[in-house]
Amino acid sequence: MRTCGIEIKGSEAIICLMTLKNGLFDLPDCRQNRFALSKDQDQEQMRHFQFTFAKFIEDYQITQLVIKERPQKGKFAGGAVGFKIEAALQLIAGCNCNLISASELKEKLKRHPIPVDFKATGLKVFQETAFLTAYAFLAK
């Protein structure tokens with residue numbers, strides 16, 4: 001199963017591809033590590049964002065999207081643009097989408113510690129949360 005871990009920050013979806021095959025995790029190379037939504041008020045920009053992400057899913061044969069959930073209210077609440085991005089991703093046809101809460105993420109990482117140091121993965125520092133999201137979903 002090819003999974004795409006996603007962290008939404010501001011007007012960007014930061015991603016990390018991960019596969020689990022025969023008990024081994026793999027981080028396949030991909031052409032992009034983030035998708036930005038420039039003007040969320042413009043319908044064409046929203047459609048372009050969703051189309052671009054859907055094309056990415058198709059090109060890399062992704063079967064599962066996993067988004068780190070953000071609170072809707074409170075100190076760490078997500079912004080309106082982030083929720084628009086989340087909705088656009090959830091509505092992409094042909095791909096399952098799940099949300100994973102921060103507490104569930106923390107609990108899964110406690111039960112299944114990451115076997116390697118994040119720096120050894122070769123990913124960018126800003127992709128760490130997306131990496132952890134994908135790992136927590138696959139570590140069952």
Side-chain angles (χ1 to χ4, degrees):
M1 173 191 315
R2 186 164 283 192
T3 301
C4 180
I6 304 169
E7 177 191 21
I8 299 172
K9 267 192 169 177
S11 61
E12 290 184 329
I14 300 167
I15 63 163
C16 174
L17 290 184
M18 186 179 289
T19 58
L20 176 62
K21 193 172 187 179
N22 300 326
L24 295 173
F25 290 93
D26 182 40
L27 298 170
D29 291 331
C30 68
R31 66 178 178 249
Q32 228 167 326
N33 50 28
R34 64 175 85 188
F35 288 85
L37 176 62
S38 53
K39 296 179 182 173
D40 67 294
Q41 301 91 353
D42 185 19
Q43 182 181 16
E44 282 304 311
Q45 287 293 323
M46 287 294 296
R47 286 188 176 158
H48 176 72
F49 174 84
Q50 188 179 40
F51 174 81
T52 306
F53 211 100
K55 184 68 176 148
F56 175 78
I57 289 169
E58 180 185 319
D59 290 351
Y60 286 93
Q61 301 169 348
I62 297 167
T63 55
Q64 182 70 49
L65 299 179
V66 185
I67 302 171
K68 182 177 181 236
E69 189 177 7
R70 292 149 309 115
Q72 294 182 6
K73 53 187 169 182
K75 185 177 180 181
F76 300 106
V81 178
F83 288 113
K84 281 182 151 182
I85 290 172
E86 188 177 296
L89 297 177
Q90 287 178 324
L91 294 173
I92 294 174
C95 189
N96 294 324
C97 185
N98 285 64
L99 296 176
I100 187 167
S101 68
S103 59
E104 186 181 352
L105 179 69
K106 197 175 189 179
E107 181 185 315
K108 284 198 175 193
L109 292 174
K110 190 176 181 181
R111 275 191 278 143
H112 306 283
I114 300 171
V116 296
D117 185 38
F118 178 75
K119 292 177 183 173
T121 63
L123 296 172
K124 306 277 187 208
V125 175
F126 63 85
Q127 289 179 283
E128 186 171 7
T129 304
F131 167 79
L132 294 173
T133 302
Y135 177 80
F137 179 79
L138 290 172
K140 291 184 178 179

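The figures here come from the full heavy-atom set of this structure, side chains too, leaving out hydrogens, waters and symmetry mates. Keep in mind the model is a prediction, meaning the values are calculated, not measured.
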Problem - Any Arg31 side-chain heavy atom under 4.5 Å of Asp59 side chain - result: yes
Exercise for the section: Tell me whether Leu24 is reachable from Leu27 by hopping between hydrophobic residues (I, L, V, M, F, W, Y) whose side-chain heavy atoms are closer than 4.5 Å. Expected result: no
Problem - Gln127 side chain to Lys124 backbone, donor-acceptor under 3.5 Å - result: yes
Problem - Cys97 side chain reached by Ile67 side chain, heavy atoms, under 4.5 Å - result: yes
Completion exercise
Shortest non-hydrogen pair, Ala13 vs Phe49, comes out as CB-CZ, 4.3 Å
Practice task
Identify the two heavy atoms, one from Lys68 and one from Ala102, that lie closest to each other, and give their separation to 0.1 Å.
Solution key: CE-CB, 4.3 Å
Practice task
Report the C-alpha separation of Thr129 and Ile14 in whole Å, then their side-chain angles, then the decisive distance to 0.1 Å, and conclude whether the side chain to side chain contact (heavy atoms under 4.5 Å, CB included) test is met.
Solution key: CA-CA 9 Å; Thr129 304; Ile14 300 167; over 6 Å; no
Completion exercise
Note: Asp40 and Leu37 closest approach over all heavy atoms is CB-CD2, 3.8 Å
Fill in the blank from the handout: Rounding to 0.5 Å, atoms OG (Ser11) and CZ (Arg34) come to a distance of 10.0 Å
Handout entry: ILVMFWY network linking Ile92 to Val81, side-chain heavy atoms under 4.5 angstrom
Key = yes
Exercise for the section: For the residue pair Leu20 and Met1, establish whether any side-chain heavy-atom pair is separated by less than 4.5 Å. Expected result: no
Exercise for the section: Count the heavy atoms of every other residue, nucleotide or ligand shown that sit under 6.0 Å from NZ of Lys84, and state whether that count exceeds 12. Expected result: yes
Problem - Test item: Gln50 and Met46 side chains (from C-beta on) under 4.5 Å apart, heavy atoms - result: no
Exercise for the section: I would like to know whether Phe35 and Ile85 meet side chain to side chain contact (heavy atoms under 4.5 Å, CB included); could you show each step before the answer? Expected result: CA-CA 10 Å; Phe35 288 85; Ile85 290 172; over 6 Å; no
Problem - ILVMFWY network linking Val125 to Leu109, side-chain heavy atoms under 4.5 angstrom - result: no
Completion exercise
Tightest non-hydrogen contact, residues Gln64 and Cys95, listed as N-SG, 3.9 Å
Problem - Short N-O contact, Glu58 and Lys55, less than 4.0 angstrom - result: yes
Problem - Audit row: Thr133, Glu7, side chain to side chain contact (heavy atoms under 4.5 Å, CB included) steps and yes/no - result: CA-CA 8 Å; Thr133 302; Glu7 177 191 21; 5.6 Å; no
Handout entry: Flag, side chain of Arg70 to backbone of Gly82, donor-acceptor distance under 3.5 Å
Key = yes
Completion exercise
Heavy-atom nearest pair, Met18 first then Phe25, reads SD-CD2, 3.6 Å
Handout entry: Phe118 vs Leu132 side-chain heavy atoms within contact, under 4.5 Å
Key = no
Exercise for the section: Could you tell me the separation between the CZ atom of Phe131 and the OG1 atom of Thr121, rounded to the nearest 0.5 Å? Expected result: 5.5 Å
Handout entry: Shortest non-hydrogen contact from Phe83 toward Gly78
Key = CE1-O, 3.3 Å
Problem - Backbone of Ser38 reached by a side-chain donor or acceptor of Gln45 within 3.5 Å - result: no
Problem - Reported CG-to-CZ distance for the pair Leu138 and Arg2, which is rounded to 0.5 angstrom - result: 11.5 Å
Problem - Spacing of Arg47 atom CZ and Asp42 atom CG [to the nearest 0.5 Å] - result: 10.0 Å
Handout entry: Aromatic ring pairing Phe56/Tyr60, orientation class (parallel under 30°, perpendicular over 60°, tilted between)
Key = tilted
Handout entry: Min side-chain heavy-atom separation Leu17-Ile62 under 4.5 Å
Key = yes
Handout entry: Distance, nearest 0.5 Å, that separates CZ of Arg111 from NZ of Lys108
Key = 6.5 Å
Handout entry: Beyond-backbone contact of Leu123 with Glu128, side-chain heavy atoms, under 4.5 angstrom
Key = no
Problem - Greater than 12 external heavy atoms within 6.0 Å of Phe126's CZ - result: yes
Handout entry: Asp26 and Lys21: CA distance, side-chain angles, deciding distance, side chain to side chain contact (heavy atoms under 4.5 Å, CB included) verdict
Key = CA-CA 8 Å; Asp26 182 40; Lys21 193 172 187 179; over 6 Å; no
Problem - His112 atom NE2, over 12 foreign heavy atoms within 6.0 Å - result: yes
Exercise for the section: Determine the sole option in Leu89, Leu99, Val66 for which the side chain to side chain contact (heavy atoms under 4.5 Å, CB included) test with Ile6 is passed. Expected result: Leu89
